[in-house]
Amino acid sequence: MQITKKKSFTRQEDGTYLGHDVYRLTKSFRDSSGRERKAHVLYLGSLEGLTKSDRKCLASMLTQMIEQHQAVICDNPALYEMAMDFYAKYRETKWAQDDDPVLKAEAERRERERRRDLVTVRLSSLVQKQARTIGPEAICRSTVQLLKIREFLSSKGWEREQADMALMQIIARAIYPFSELKTVRYLKGNSALLEMFKLDRCKVTKDALYQSALRLWEVHTEMEDFLHERVKTMFALEENILLMDISNTYFEGRMDGSQICRHGRSKEKRDDCKIVVLAAVVNTDGLLVRTMVYEGNRQDVTTVKEVVGTLAGQTSQEARKIVVMDAGFYSAENARWLVENNFDYITVLPSGTAKFNPDSDHVVRHEDCRHQEIRLQMGKVEIEGESRRALLVDSDAKALKEQSMHEQAARRYEEGLEAIRAGITKKHGTKLRDAVNNRLGRLDRQYGAIRKEYEITFTYEGKGKKEKTVAMEWSRKDDRIGQRQKFHGKYVLLTSLDEKDELNVWKFYNVIRTVEETFHTLKADIDIRPVYHKSDGGIKAHLNLAVLAYWIVSVTKYRLKLKKYPNVRWDEIMRIAQAQVVVTAEMDTVDGSRVSVRQSTEAEEELAAIYGLLDITANPIGKVKSVVPLKAPPKNPPPENQ
C-alpha cells in the first residue's frame with residue numbers, strides 16, 4: 001500500500017477556490033481481466049506537518065497493521081499515535097468489513113458467541129426447581145468476609161474445607177438458630193449456603209457440625225481477640241466505656257456429672273433444670289469485647305475479676321476505661337480491684353438511698369429519651385466505713401413503673417389465691433389441709449414481697465390427716481402511705497469518676513441498656529436457650545457458636561446503622577432478605593437437548609437498598625447454564641416458541 005496525493009479545492013467567501021493537497025491510503029490490485037487498478041482504502045486528510053519520508057513511514061506502518069495485523073515499532077511517538085488512530089478508523093470502514101479476511105473472521109466469531117445464548121425452546125416444558133434462599137446468606141457472607149475469619153482460621157493451620165465448614169456453620173447459626181440436626185435439614189433443603197461454599201452435601205452432617213463447633217471452641221479466645229481488634233480498626237472505635245452483664249441459659253436434661261451445669265435462679269421461674277451462665281463485656285455500640293462461660297450457681301459478684309481482668313493488660317494509666325455494671329456485680333473488693341487495675345466504675349448502690357448524703361442543694365433537671373423528667377444530685381454514701389462518690393437519680397416515671405410492676409405481681413398473686421380457693425370448692429379439687437398449705441407455700445415463695453400485704457384465713461373441718469379446708473378468705477392491708485414511700489422512684493449510682501457534671505455520670509450509666517440489648521439479641525434472634533447438648537464441651541461449643549453468630553449480627557447492624565438505615569432489627573432484615581432465592585429453570589429445546597439455567601432472582605427494592613449499603617452484588621450466585629442432550633426426542637412435541 002502507498003499514500004497517494006490528490007488536489008482538492010475549497011470555495012472561499014469571495015467566490016474563488018483555494019486548492020490544497022489531500023492524501024489517501026491506496027491499494028493496487030488486478031481485476032478479473034488482468035488490468036492493474038487502484039482502490040482507495042482510507043482517507044488520510046491533509047497530513048499537515050509531515051514530510052515525504054514521514055508519509056512513507058506512515059504508509060509502511062499502516063500496510064503492516066492492515067495486511068499482517070501486527071503491532072509496529074516506531075521511534076517517532078507522534079507518528080506512531082497517528083498510525084494507530086488511522087488504523088482504528090480503518091477497522092470501521094466498509095472496505096475493512098467487506099474485504100478484510102481477518103476482521104471478517106473476528107466478526108463471525110463474535111456472532112457465533114452471541115448466537116450461543118440463543119436457543120429455541122418449548123415453553124410448555126419449563127420446570128423450576130431446587131429453590132433455595134440466598135438473601136440472608138449473602139448478607140452474612142459479606143460480613144464474614146469483612147471480618148476476615150477465613151484468614152484467621154488459615155493462620156491457625158485449618159484446611160480450606162474445615163474453614164468452609166466453620167464459616168458456613170457460623171452463618172447458619174445467625175440465620176437458622178436451631179440444633180445441629182435441624183440445621184443440617186435447612187442447609188440441604190432450604191439454604192444456598194452449600195452452593196456458596198461449594199461443600200459436598202454428603203459431608204455436611206450433624207456429627208461434622210459438632211466437630212466443627214468443637215474446633216472453633218479450641219481457638220475461641222484468640223478468635224475473640226482477633227475479631228475485637230479487627231472491628232476496632234475497621235470502624236476506628238475508641239472504647240472508653242465497657243458494659244458488663246451476665247445471662248442464664250437453661251438445659252433440657254439432668255446433666256449428671258457436669259462441671260458447669262448447676263442449679264441456680266432462673267428468670268423463667270424454672271426449678272426443674274440446671275443452668276449455665278454466659279458473661280459478656282460489650283462496648284457502647286453493642287460490639288463484643290469479651291465473653292466467658294460459668295457454672296449456673298455462680299454469683300454475679302465473683303465474675304468481675306476474671307472477665308474484666310483479661311482486659312486489664314490492654315488498659316493503660318493514661319487511657320482509663322469505665323466499667324458500667326448492675327448492682328449484682330458490686331462489692332467493696334471489686335471496686336478497689338477495678339481502681340487498682342486502671343478501671344473506673346459506675347454501678348447501682350445495692351442498699352438503696354438510706355446512706356446518701358448530698359453535697360449541696362443543687363439539683364440538675366433533665367429529660368430522658370422519652371421526654372420524662374429526671375432529677376440528679378451529687379453526693380456521697382458511707383459504705384463499710386468508706387466515703388464513696390455517688391449520684392442520686394430521682395425519676396417519677398420509675399416510681400410509676402415500680403408501682404405498676406408491684407400491682408401486676410399483686411394481681412398474679414390474687415389469681416394464685418383464686419386457683420387455691422377454686423380447688424377447695426371443686427368436687428375433686430385439693431382440699432386436705434396439708435396439700436392446701438403446700439400450694440400456698442409455693443405461691444408465697446414466688447411472690448414473697450407481695451405476701452406480706454395480705455391476710456389469709458382458712459376454715460377447717462375434721463381432724464388429723466383427714467382434716468379438710470372448707471373455706472378460704474383473704475384481704476389486702478390498707479397501707480397507702482407506706483406504698484407511696486416504697487415507690488419513690490429513686491436510685492443511687494456509685495462511681496469512682498471524679499466527675500463534676502451530674503449529667504455525664506447518668507449518661508455513662510444509661511448506656512448499660514446496650515448490653516441488655518445484646519443479650520436480648522442472643523436470646524431472641526440467635527436463641528441460645530434451651531441447650532440440648534449433653535457434655536460440657538458441647539455446651540461451651542454451642543454458646544461459642546452463638547457468640548460468633550452474634551458477631552455477624554452486630555457488625556451487620558452496625559454497618560447499616562452507620563449508613564442511616566431506618567430499621568436495624570435483625571428479624572426484620574432477615575424477613576426482607578428471605579424474599580430472594582436461587583432457582584433452577586429447565587426447558588427442552590427443539591433439537592432434542594435440555595437447557596438448565598440456575599440463577600438467583602432479582603433483589604426487590606428493600607433488599608436492593610440493603611445490598612447497596614453493604615456493597616453486595618445484586619446476584620450473589622452468578623448464572624450457571626448447561627445443555628444436556630436428551631436420550632430421545634419427546635413424542636408429539638408441542639408448538640415451538642422462541
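Just so it is clear, the model here is predicted, and its values are computed rather than measured. When reading the values below, keep in mind they use all heavy atoms of this one structure, side chains included, and skip hydrogens, waters and symmetry mates. Counting from 1, the numbers follow the sequence of the chain as shown.
- Ionic pairing of Arg513 and Glu516 is not present here: no N-O contact between side-chain nitrogen and carboxylate oxygen is shorter than 4.0 angstrom.
- Between Arg290 and Asp225, at least one side-chain N (NZ, or NE/NH1/NH2) sits under 4.0 Å from a carboxylate O, which counts as a salt bridge.
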Met574/Ile175 under side chain to side chain contact (heavy atoms under 4.5 Å, CB included): CA gap, chis, key distance, verdict: CA-CA 8 Å; Met574 292 295 98; Ile175 305 173; 4.3 Å; yes
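- By the side-chain contact (heavy atoms from CB on, under 4.5 Å) test, Ser142 is found to be paired with Arg559, Ile616, residues two or more places apart in sequence or in another chain being considered.
- The existence of a salt bridge linking Glu195 and Arg598 is confirmed by a sub-4.0 Å separation between a basic side-chain nitrogen and an acidic carboxylate oxygen.
- Inspection of the Lys274 and Ser258 side chains reveals no N or O donor paired with an N or O acceptor under 3.5 Å.
- Between the side chains of Gln169 and Tyr210, no donor N or O sits under 3.5 Å from an acceptor N or O.
- Taking Glu180 as the reference, nothing meets the side chain to side chain donor-acceptor pair (under 3.5 Å) condition, with sequence neighbours excluded.
- Atom OG of Ser155 is separated from atom CD of Glu222 by 8.5 Å, given to the nearest 0.5 angstrom.
- Within the 4.5 Å cutoff, the side chain of Ile171 has heavy atoms near those of the Leu193 side chain.
- In this structure, Tyr558 and Phe235 have perpendicular ring planes: the angle between them is above 60°, well past the 30° mark.
- Applying the side chain to side chain donor-acceptor pair (under 3.5 Å) criterion to Ser496, with sequence neighbours excluded, gives Asp344.
- Counted by atom type alone, Thr556 and Thr143 present one or more donor-acceptor pairs between their side chains at under 3.5 Å.
- Here Leu167 contributes atom CG and Ile149 contributes atom CD1; the two are 6.0 Å apart, rounded to the nearest 0.5 Å.
- When side chains are defined from C-beta on, Val597 does not count as touching Thr584, because their heavy atoms never get closer than 4.5 Å.
- For the 3.5 Å distance criterion, the side chains of Arg298 and Thr302 qualify, holding a donor opposite an acceptor.
- Between Leu123 and Leu126, the closest side-chain pair of non-hydrogen atoms is not below 4.5 Å.
- Residues satisfying the ring pair (Phe, Tyr, Trp, His ring centres under 6.0 Å) criterion with Phe152, sequence neighbours excluded, are Phe226.
- Proximity of Met223 to Leu153: side-chain heavy atoms (C-beta onward) are separated by under 4.5 Å at one or more points.
- Contact of the Leu497 side chain with the Ile322 side chain is registered, since non-hydrogen atoms from C-beta on lie closer than 4.5 Å.
- A salt bridge between Asp164 and Lys198 is absent, with no side-chain N of the basic residue lying under 4.0 Å from a carboxylate O of the acidic one.
- Partner of Tyr550 under the side chain to side chain donor-acceptor pair (under 3.5 Å) criterion, out of Thr521, Thr291, Asp525, Thr518: Thr518 alone.
- Minimum interatomic distance between Ile246 and Thr303 (heavy atoms only, all atoms of both residues): CG2-OG1, 4.4 Å.
- Checked by atom type, the side-chain pair Glu239/His228 shows a donor-acceptor distance below 3.5 Å.
- Below 30°, between 30° and 60°, or above 60°: for Trp337 and Phe343 the angle between ring planes is below 30°, a parallel geometry.
- Remark: Leu146 CG to Ile552 CD1 distance equals 11.5 Å, nearest 0.5 Å.
- Every side chain to side chain donor-acceptor pair (under 3.5 Å) that Glu333 has, sequence neighbours left out, goes to Lys305.
- A side-chain donor-acceptor contact under 3.5 Å links Tyr176 and Thr133.
- The side chain to side chain donor-acceptor pair (under 3.5 Å) search around Asp207 returns none, not counting sequence neighbours.
- With respect to the salt-bridge test (charged N to carboxylate O, under 4.0 angstrom), the residues Glu218 and Lys156 do not qualify.
- In this structure, the separation between OG on Ser179 and NE2 on His533 is 8.0 Å, given to the nearest 0.5 Å.
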